[in-house]
4 protein chains.
Amino acid sequence: MSLSQFISAKKADVTAKRERRKEARPGELLDAALDLFVEKGFAATHAEEVAKRAGVSKGTLFLYFQTKEDLFKAVVRANISGRFQEWNDELAHYEGSTPALLRHFVTAWWERVGATRASGITKLMMSEARNFPELAAFYQREVVEPGQDLVRRILQRGVDRGEFRPMDTNQTVYCVLAPMIFLMIWKHSVGACVNSAHLLVPEDYLAAQMETLLHGVCLPQAAGAAPIPENKT
Amino acid sequence: MSLSQFISAKKADVTAKRERRKEARPGELLDAALDLFVEKGFAATHAEEVAKRAGVSKGTLFLYFQTKEDLFKAVVRANISGRFQEWNDELAHYEGSTPALLRHFVTAWWERVGATRASGITKLMMSEARNFPELAAFYQREVVEPGQDLVRRILQRGVDRGEFRPMDTNQTVYCVLAPMIFLMIWKHSVGACVNSAHLLVPEDYLAAQMETLLHGVCLPQAAGAAPIPENKT
Amino acid sequence: MSLSQFISAKKADVTAKRERRKEARPGELLDAALDLFVEKGFAATHAEEVAKRAGVSKGTLFLYFQTKEDLFKAVVRANISGRFQEWNDELAHYEGSTPALLRHFVTAWWERVGATRASGITKLMMSEARNFPELAAFYQREVVEPGQDLVRRILQRGVDRGEFRPMDTNQTVYCVLAPMIFLMIWKHSVGACVNSAHLLVPEDYLAAQMETLLHGVCLPQAAGAAPIPENKT
Amino acid sequence: MSLSQFISAKKADVTAKRERRKEARPGELLDAALDLFVEKGFAATHAEEVAKRAGVSKGTLFLYFQTKEDLFKAVVRANISGRFQEWNDELAHYEGSTPALLRHFVTAWWERVGATRASGITKLMMSEARNFPELAAFYQREVVEPGQDLVRRILQRGVDRGEFRPMDTNQTVYCVLAPMIFLMIWKHSVGACVNSAHLLVPEDYLAAQMETLLHGVCLPQAAGAAPIPENKT
DNA sequence: GATGAATGAGGATTCATTCAT
DNA sequence: CATGAATGAATCCTCATTCAT
């Protein structure tokens, strides 16, 4: 190793160590923040506690996130918003039937969000939306609308390909999303502190929901469902 | 009337008025507190605001409820009364088809609970369950389990009468309840502070859910649904 | 004393004691605040210190003044703004010559503001104006503009009555006010911490300023001054 | 050129550059600090901002000045240089009338100090004198007293030459200096953040002040002013 | 010497709770 | 019983200063 190589290696090393730390910090803080936000809610989570759990001081937290709201937004972005790109890509390149796509989407969502700590964020937003209008707006913009949009496009794909019967996709979107939202809320509220005799089994519940949903919205030729009778109620 | 008579009459009058109010006080406070807890959550609801809305002073609130937590617990307990007896009776004497019964149950629920202030209690419990585990257990015992039981018996009636296909009623129960729970929470959180382009219309949503549900779980002869294909995903 | 008299007297007494306290409080707080604001500046004055000096707790201060800025505004109103009514009345009813009026105004100002603690407020505003734009605007609105207006009307009175030569009153206003402002600043800065050999004697300084000013602006017939020569500079 | 030669040449170059910068550093820092202290006051000026404006890091600032107070003191000291020598010389060799000398002095002061950044120092001292008594004394000694002395000698020259009426020069000195001081403070406080309808025009204000001053203090034969009437007030 | 990440004391403000009246 | 003035612990955020690199 030449001298200059040695010198620059040394410097690189020093810098690297620092930068590794600096780059790791936000992640560690987001991690700690997610835990605490989910556990205690936005208002009841104290900045100092987040910092302590991440192993740094209060001041350091505010070095990386200007306010507690910013921290929250960053948590949402890191855990949810970021996923939509991925899903949009999958949707664009999916080649199978739309019922299969919908099942895939729900399964993937469960694995990547529903079953993870990130699911707590949704419960959190439902609880605190009214007290933090700006956060609510942010969440609506970054999560709710992209999510509804994604589902709407899936449903429309089914209609366009003659797999689903014509429908008001704007309303049906809620039939797809509501079970997921319900699941996240349930898990982080009642589910977190009660041992019921008949526990909710998320995967079974989701599968059941999807099947009842599909047999209701599918045309006969697509998923084998019968035509909907006209004499409703 | 002598002076002393006048005085004691006046005093008696004042006392009577006071006692009347005194007995009404806790109810008025619980009423005010329910509204505020639902609207803003536990932490963000200020004792003074509750008192003001009930028309008394802050001091009086703490005369009836030692702490804010006590007030919260009293609010939840006071609002979870026995509506189940009523429904159990209706179920026992219902003579129509089970799909019609289920539709009736959901409609009645929306009218008697979902559309009323009582729906706020559910939102409240979902939001604060983790902070009040003791209350969550109470809620589970007094509300969740009786509710699940009721629905389970409706579903079982359908299976027994050959209207519904055989199913794991313990899981399907959630398919009936989840939309209701979702609706209550949505209404009191996102629904209260976001002007989305595509608002959720509760009645439409419930009707749609019920139809997709029925066409998924009903046997062909019962509600005209097609047989469920065996090749699930 | 009858019973009812006794009763209402007792009640009145109790209430009175309380109210007397409640009414005295803001004054005590304003008093303490004025001292501290003048001594340490707005930013460096701590709410807790103000409260302590007034003999109450931090919380009590915020019971009477929502923010530190509000406290400051109240201090200004109590010590300066309130004076303008009084001066405007005096101006309206003054019957002597305008030079005498101007001398009266300056003397009165010195006695009622310049020589009192209130003078510190002006120095304070000069120091902190740029950091607290809202306070600066408030001060401009409540003090500077009414003050300039008052002086302008005095000058105009002199011109109208043929005592002063015609002038741009908007600029001359500063010739009257500047010595006062200078005095307040000097007194609360250099003057507060230096023992100069040749101390500024405010009364002498003001008198000298007024005389030079008058002999400059007065028409010959009014105060015996000569016409201003045209070859300035 | 060998490798080692290249390295040491490079190093020498770097070192030279560094040393050049190193010597300039404190000056750049003082320069940046002056601007900020004048603009925002001592407390509201942040170390980091000073460093950034000087193009160095926060750490470097504290390398040259142990504390923010030290920096403040250095700023004041660095900006109070000997402009008095220059003026004393001008005074000694001036051959015109004393009124003309006084006008010259005021005009020169405005051009060389009042209109420049140096005026900020005065505002700074007035604002912070009470927090830095030691500096206030220094300022008194190095600036205030020499300045008063200079003016006093001008006035005395007028009296001695029969141009000015006899006076207490110690007090009249303030009549000359106060407008200047007022102007510097006004400009850096109210003047910087208020859009008044009638803005102060420094040059006009100074000219007007000087004329009223001269016509008040001058004997008739000196500047054409009328005799001062004896019937004051 | 120079850097900038990290620190933590400090300050304004809130609000559940107490208690003299 | 009822009141509401008073309290002070608790919380977010800032920023001078330090120190490992």
Side-chain angles (χ1 to χ4, degrees), chain A residues 10-11 13-19 21-22 25 43-51 55-71, chain B residues 14-15 18-19 21-22 25 43-52 56-69 71, chain C residues 10-11 13-19 21-22 25 43-51 55-71, chain D residues 14-15 18-19 21-22 25 43-52 56-69 71:
Chain A
K10 186 87 179 279
K11 187 175 172 186
D13 186 54
V14 163
T15 308
K17 210 164 186 175
R18 267 260 167 117
E19 305 234 318
R21 205 71 213 277
K22 191 191 170 184
R25 212 62 99 189
T45 294
H46 308 319
E48 185 150 27
E49 218 174 337
V50 174
V56 298
S57 76
K58 212 181 348 172
T60 304
L61 171 61
F62 288 98
L63 211 59
Y64 291 94
F65 305 95
Q66 292 210 336
T67 66
K68 211 170 76 165
E69 289 213 349
D70 283 349
L71 175 63
Chain B
V14 163
T15 307
R18 270 220 174 145
E19 306 239 314
R21 288 219 63 196
K22 175 184 153 189
R25 271 312 138 67
T45 295
H46 306 320
E48 182 149 31
E49 221 175 335
V50 174
K52 191 183 293 171
V56 299
S57 77
K58 218 184 335 179
T60 305
L61 170 62
F62 285 94
L63 216 57
Y64 290 97
F65 305 94
Q66 291 215 339
T67 67
K68 207 171 81 162
E69 278 208 26
L71 174 63
Chain C
K10 187 87 179 280
K11 187 173 171 189
D13 185 53
V14 163
T15 308
K17 212 163 186 176
R18 266 257 167 121
E19 304 235 319
R21 206 71 214 277
K22 191 191 169 184
R25 211 65 96 185
T45 294
H46 307 319
E48 184 150 27
E49 219 174 339
V50 173
V56 297
S57 76
K58 215 182 345 173
T60 304
L61 171 62
F62 288 98
L63 210 60
Y64 292 95
F65 305 96
Q66 292 210 335
T67 66
K68 211 170 80 165
E69 289 212 348
D70 283 348
L71 175 63
Chain D
V14 164
T15 307
R18 269 221 175 144
E19 306 240 313
R21 289 219 61 199
K22 176 183 151 188
R25 270 312 138 70
T45 295
H46 307 320
E48 181 149 32
E49 221 173 338
V50 174
K52 190 182 294 173
V56 299
S57 75
K58 217 183 337 177
T60 305
L61 170 61
F62 286 94
L63 215 57
Y64 289 97
F65 305 94
Q66 291 216 338
T67 67
K68 206 170 83 163
E69 278 207 25
L71 174 64

Quiz item: With sequence neighbours left out, what residues match Thr60(B) under side-chain hydrogen bond (donor to acceptor under 3.5 Å, both in side chains)?
Solution: Ser57(B)
Exercise. Give a yes/no on whether any side-chain N or O of Tyr64(C) is located under 4.0 angstrom from OP1 or OP2 of dA5(F).
Key: no
Exercise. Could you tell me whether the side chain of Lys68(D) and the main chain of Thr45(D) form a donor-acceptor pair under 3.5 Å?
Key: yes
Quiz item: At their closest point, which heavy atom of Asp70(C) faces which heavy atom of Phe65(C), and how far apart are they?
Solution: O-CD2, 4.3 Å
Quiz prompt | Nucleotide dT18(E), atom C1' - distance to CZ of Phe65(B) in whole Å | solution = 18 Å
Exercise. Please identify each residue that fulfils side-chain contact (heavy atoms from CB on, under 4.5 Å) with Ala47(C), with sequence neighbours left out.
Key: Leu61(C), Phe62(C)
Quiz prompt | Whole angstrom value for the distance that separates P of dA16(F) from CG of Leu61(D) | solution = 10 Å
Practice problem: Determine the stems involving DNA chain E; a stem requires 3 or more consecutive pairs of the Watson-Crick or G-U wobble kind, each with both distances below 3.5 Å, and the answer is none if no such run exists. | Solution: E:2-21 with F:2-21
Quiz item: Where along nucleotides 10-15 of chain E does protein come under 4.0 Å, by heavy atom, of base (B) or sugar-phosphate alone (S), with - for untouched nucleotides?
Solution: BSSBBS
Quiz item: Nearest-Å distance, NZ (Lys52(B)) to C1' (dT3(F))?
Solution: 15 Å
Quiz item: Has Glu69(A) got more than 12 heavy atoms of other residues, nucleotides or ligands less than 6.0 Å from its CD?
Solution: yes
Self-check item: Residues that Lys58(A) engages under salt bridge (Lys or Arg N to Asp or Glu O under 4.0 Å), provided they are two or more places apart
Solution: none
Quiz item: Does Thr60(D) put a side-chain nitrogen or oxygen below 4.0 Å from OP1 or OP2 of dA2(E)?
Solution: no
Exercise. Sequence neighbours left out, what passes side-chain hydrogen bond (donor to acceptor under 3.5 Å, both in side chains) with Glu49(D)? Give chain and number order.
Key: Lys40(D)
Quiz item: Hey, what do you get for CD (Gln66(D)) to CG (Leu71(D)), rounding to the nearest 0.5 Å?
Solution: 12.5 Å
Quiz item: dC19(F) C1' sits how many Å from Leu63(D) CG, rounded?
Solution: 12 Å
